[in-house]
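One structure is given below, encoded as structure tokens.
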Amino acid sequence: MHADLLSMLATSALAMSVAIVVVWLLRATMRRHFGAQACHAMWLIVPIVAVAVLIPVPEHDVMPQWTSVATATVTEAVSARLPPIE
């Protein structure tokens with residue numbers, strides 16, 4: 001229980017840190033091109049990211065079924081073209 005909570009907090013803190021750095025790096029460009037209001041609104045990315053990383057991922061396969069077939073086909077095609085390794 002405590003390990004899960006600590007892991008979630010660490011993940012959220014890391015994601016927020018990355019979002020803060022990205023916003024900080026982009027703020028001058030955003031202000032110059034879009035104005036101060038857009039620059040201030042960009043800070044909403046930080047809490048959105050903090051919540052987004054806490055949303056659970058579905059428990060199904062991440063890769064679709066066809067990717068394994070495509071990978072096998074490409075592997076076979078490449079193997080047929082290459083000379084045997086001795």
Contacts under 3.5 angstrom, residues 34-46 side chains, donor-acceptor by atom type, not counting sequence neighbours:
none

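Residues meeting the side-chain contact (heavy atoms from CB on, under 4.5 Å) test with Leu54, sequence neighbours left out: Met8, Ser12. Every residue meeting the side-chain contact (heavy atoms from CB on, under 4.5 Å) condition with Thr11, not counting sequence neighbours, appears here in chain and number order: Ser7, Val53. Among residues two or more places apart in sequence or in another chain, the side-chain contact (heavy atoms from CB on, under 4.5 Å) test is passed with Val18 by Val22.
Taking Ile, Leu, Val, Met, Phe, Trp and Tyr as members and joining any whose side-chain heavy atoms lie under 4.5 Å apart, directly or through other members, Ile55 forms no hydrophobic cluster with any other residue. As a member of the Ile/Leu/Val/Met/Phe/Trp/Tyr network built from side-chain separations under 4.5 Å, Val51 groups with nothing else and remains a singleton.
In terms of hydrophobic clustering, with Ile, Leu, Val, Met, Phe, Trp and Tyr side chains grouped at heavy-atom distances under 4.5 Å, Val49 and Leu9 are assigned to different clusters. Under the 4.5 Å side-chain heavy-atom criterion for grouping Ile, Leu, Val, Met, Phe, Trp and Tyr, Ile20 is connected to Leu26 within one hydrophobic cluster.
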